[in-house]
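Notes for the one structure printed next.
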Amino acid sequence: MLNYKDMEEKWQKQWSEAKVFESEPNEKNGILVTAPFPYVNTPLHIGHLRTYATTDLYSRYMRMKGFNVLFPFAFHASGTPILAIAKRLMNNDKELIDDFRSFKISDEDIAKMRNDPLFIANYFIKNVSDGMHKAGLGIDWRRRFVSIDPIFGKMVTWQFGKLKELGYLEKGMHPVGWCTNDQSAVGQHDTKHDVHPEIKTMIVVEFKDAGSDAYFACATYRPETIYAVTNIFVGKEIQYVIARMNNKRYYISKETAQILSNQASVKIEGEVSADELLKKSAVNPITKETVPVLPGFFVKPDVGTGIVMSVPSHAPFDYAALERLKTSGYPIPKIEYKRIIDIEPLNGNKIGRSLGDVIAGEAKPLHPEIPALAYLEILNSDPNAIDDMLEFATKLAYREESHWGVMLVGKYSGMKEPEAREKIKSDLIESNDGFDIFVIGNDEPVYCRCGTKVIVKVVDQWFINYGNKKWKKEVNDYLPNMKIYPKKLSATFSAASDWLDLRAAERAQGLGTKFPFDERHIIESLSDSTIYPTLYTYIHILYSNGIKPEQLIPEFFDYVLLGKGNVSSVSQSTKIDTTILNKCRESVQYWYKNTSRHSAPDLIYNHYVMYIYNHVALFPKEFWPRQIVVNGMVNYEGEKMSKSLGNIVPLSEGIEKYGSDPLRFVEIAGGDLDTETEFSPTGINSIVSKNQYLFDMVLKMEELDGSELTHIDYWLYSRLNSKIKNATESLDGFMLRGAYTDIYYNSITELKWYMDRGGNNGLAVREFIEKIALMLGPIMPHFAEELWNSIGNNTLVAKERWPTTDETYINKPVEKTEEIIKDTIDDINNTVALTSRMPQNSNKRIKEIKVIVSDDWKSDAYNALAEKRNISEVMKMQWNAADKEKVSKFLSQLSKKIRTIEKTEFVKCDSLFDGFSHAKAYLSKRLGSSVAIEKEQSSGSSRAERAMPNKPSIDVVWS
RNA sequence: GCAGGGGUAGCAAAGCUUGGUCAAACGCGCCAGGUUCAGGGCCUGGUCCCUUAGGGGUUCGUGAGUUCAAAUCUCACCCCCUGCACCA
């Protein structure tokens, strides 16, 4: 049995000794193949392998195709996640500790990780690089680096200087999720339960206090409903203040005043109680109506402004609040519920178009004239419903009306609601009757891990303006020139490019490069990782020449990356020898002209777009990204690998247990590039046993002593060459699964068929296996070497050339003949099964099975008919091989298919007869009876004339 | 909500660009039989329905349409996945 561990170690050692993967520029075409460096705050599992194995596959394939390939690797440690891990360990985060333990990280190491980010980084760098080594990835390790290395920092500093020069680095106000306790921005991973804080804008509509110069600041998402406002709601228990903003005085809750002070200047001039507000009335800025102020049970002190404009006709909460006031006997004036938005009629039913998710039974809206009530009725509910139900009705109303609503009143009457909303909003802002505020838009409040409620703060900070029109156009113009695999992702890349906009470029804490224009901050950790593949091309030259980070001043990068400046003056200012500078420069030029970058799809919307933008901004066109390859994820027996399911297999453990090669194979060949593939132990077993079969075949091969090439040998050669041709085309288009189905699974089936059919030529089998071994090189590199070696080759597959097709061996009729033989066996089995049940055949045995191949005139007639599609036309032709009656009978059989038949290359009668004759012994063995092969013309069988082109007739003779 | 992708037989996954050769590849699972066979492995056959001569019927999210012909083209609808930014 093959021992994968020994085998893998053996060949990894040989590759390393032969320096197969240590590439330097030469006369060949070069290609730089990279995968984004992994973030080293967590161990790798077998799912991560797919991207790296695919990258390795491509680089090995391209090397075999004659390219000079460089596949380097590095590690990402800059940014906040490592700090976060250190912090969580400090706090004895049980979940994290359990997680680490499941990866067999010792308690001792976990203890060391506490509050020591660098230890964490180094620990996982070792973990990842061990995994990469064990997997046998063909990496040039001389070029490794970490994103917190000083050299890396020098490059990033240079990059940011350039971005600023180009005007792409800007300073400005920007809203972020914010924790007032931590005094820092809050992203998804900083919150409890990893909730993403959604930042939305609300408009504050100003309703002037009828009796003073102050305004009721009503926050709303739906300013268009202003035409139906009946009153203002305040919370009875809420403490209000008078706050000065934009040089006006506003009534606003004390809490929201505090929150809004993070967004604008808010000066509190005094307090005012809810009771006082309730005595006032307010003026609608658009309709100029004066409306009362009433208590709303649902008004919250920390949402929006703590003051709500009431639209009972369209807002279920508002409707419910008024109804409840009525029932409680609160004195309210007469109120008119005015429907101002209509839903386009559908099937006569005016509301409830998209109620698919509502389990409403037979509920009917009884009050379509009051949508807020109608939506409650649809839900079998009423104004006394619990808040959740009101919330649901609100969402329903919002969705329906936003989708199909049309304004019935006002300046924008007749306009679609969402459009009208925007117009009214800008009108209000324009006329100084409203302004925007930012709020956290999640349904539930979002809490920072520290327990504080997350708010929105507008911060003044540096960001990269990917929204720059010129820049975006340049990128979008270039995108079609990039090769993207799978091809259908091109649309996604365009969408991602369009979507990319302002991107904060600095963070208050974390590891990494200091922000050059504000040294208290560091560069955000995706922004620092966009052009680092350039570093791979020359960093080993810096290492081997002892170049110090301090020498890497901007002039260095200008020269090496952009070719700017004069080498001797750069040498003078950097104190780096001109030969070294030139070597670096040449290396960049050599490798960076042709690149291929590989990753999973989750990087498209962040790393990839930024990668493309930065290259386009900084480099000459010849260095822009050439090719991007995106591979899907790996599932474990149908389920996502996740901590909660407990189905994560650590990479090292997986390799030990299953072998690197079988793992690579199932992960890559299990599905097309972009689909998720399935990992399962049974899948692995299947590969292991198939490999064993191939390996054992080498021993069997030695015993084959046939010297003459027979029909089945020609078949094997033909299949082999067709296979090489097809597989090469598939691989060139990144159809990895298709390629390896043919190279691997089909080859094994074919070898078995060859042996079954009595194939006996050792040389033919040798050549077949040899080529298969070569083609397996990129996907199962260790096994490929082992197989290659076992045949008696002393070279390394990793350094061999990819096999080429010898077209002269491709013989389609021979391949087709074997297919016909297979089909005929199936047909015979069916026939025998059926006829044996016939009464006249009971107590009888099969005497002989006749296989009768059709005459060539049938093929000719078939094709003639396919061409002319007219029987009498075909009959007019010369038919000397058969009498007209037969031709006519044959054609009439085809007549009902006359439109659908296509011209076909049929196997000639003689070759098919020949093929079957050679298979005679095999057939009678398979069928357990004597077999006769006959030609239609000379057969005496009554069934002879049933023979069709490519489909011999069968006559089972009973006796 | 917006954007991108997708719905194919027990699972999983090709096919869809270039309509017919598709009851639909490869693989897994399952069933039956075989194998000097414990199990496993391996081999053969079967795995939508019907069928006493290799045949027929109904299928590729739903519904319409184009066509001599649709898994493949068009439209509408339903459902699923992913992303929506300061985060690797």
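Basis for what follows: all heavy atoms, side chains included, without hydrogens, waters or symmetry-related copies.
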Residue pair A/Asp696 / A/Gln692, side-chain donor-acceptor N/O under 3.5 Å: yes
Pair A/Lys472 + A/Asp501, salt bridge at N-O below 4.0 Å: no
NZ/NE/NH1/NH2 to OD/OE distance under 4.0 Å, A/Glu818 and A/Arg719: no
Donor-acceptor pair under 3.5 Å, A/Arg943 side chain vs B/A53 base: yes
Side-chain N,O (A/Thr675) to OP1/OP2 (B/A14) below 4.0 Å: yes
Presence of A/Lys690 side-chain N/O under 4.0 Å of B/C42 phosphate oxygens OP1/OP2: no
Under-3.5 Å donor-acceptor pair between A/Arg737 side chain and B/G27 base: no
Watson-Crick/G-U partner (both atom distances under 3.5 Å) of B/C11: B/G27
Between B/C16 (P) and A/Lys487 (NZ): distance, integer Å: 13 Å
Position toward the 5' end of RNA chain B (nearest nucleotide), A/Gly670 or A/Gly683: A/Gly670
Atom-to-atom span, NZ of A/Lys200 to C1' of B/G1 - whole angstrom: 9 Å
Watson-Crick/G-U partner (both atom distances under 3.5 Å) of B/A76: B/U62
Who pairs with B/G33 - Watson-Crick or G-U, where each distance is under 3.5 Å: B/C43
Separation of atom CG in A/Leu500 from atom P in B/C2, rounded to whole Å: 22 Å
Side-chain N or O of A/Ser689 closer than 4.0 Å to phosphate OP1/OP2 of B/C42: yes
Assigned partner base of B/G1, Watson-Crick or wobble definition, under 3.5 Å: B/C84
Note: A/Asp672-A/Arg737 ion pair, threshold 4.0 Å (strictly below): no
Separation of B/G4 P from A/Asp498 CG (nearest whole Å): 10 Å
Euclidean distance, atom CG of residue A/Asp823 to atom P of B/G55 [Å, nearest integer]: 11 Å
Distance, C1' atom - from B/G41 to B/G4, rounded to whole angstrom: 46 Å
Separation of atom CD1 in A/Ile604 from atom P in B/C84, rounded to whole Å: 12 Å
Flag if over 12 foreign heavy atoms under 6.0 Å of NZ, A/Lys87: no
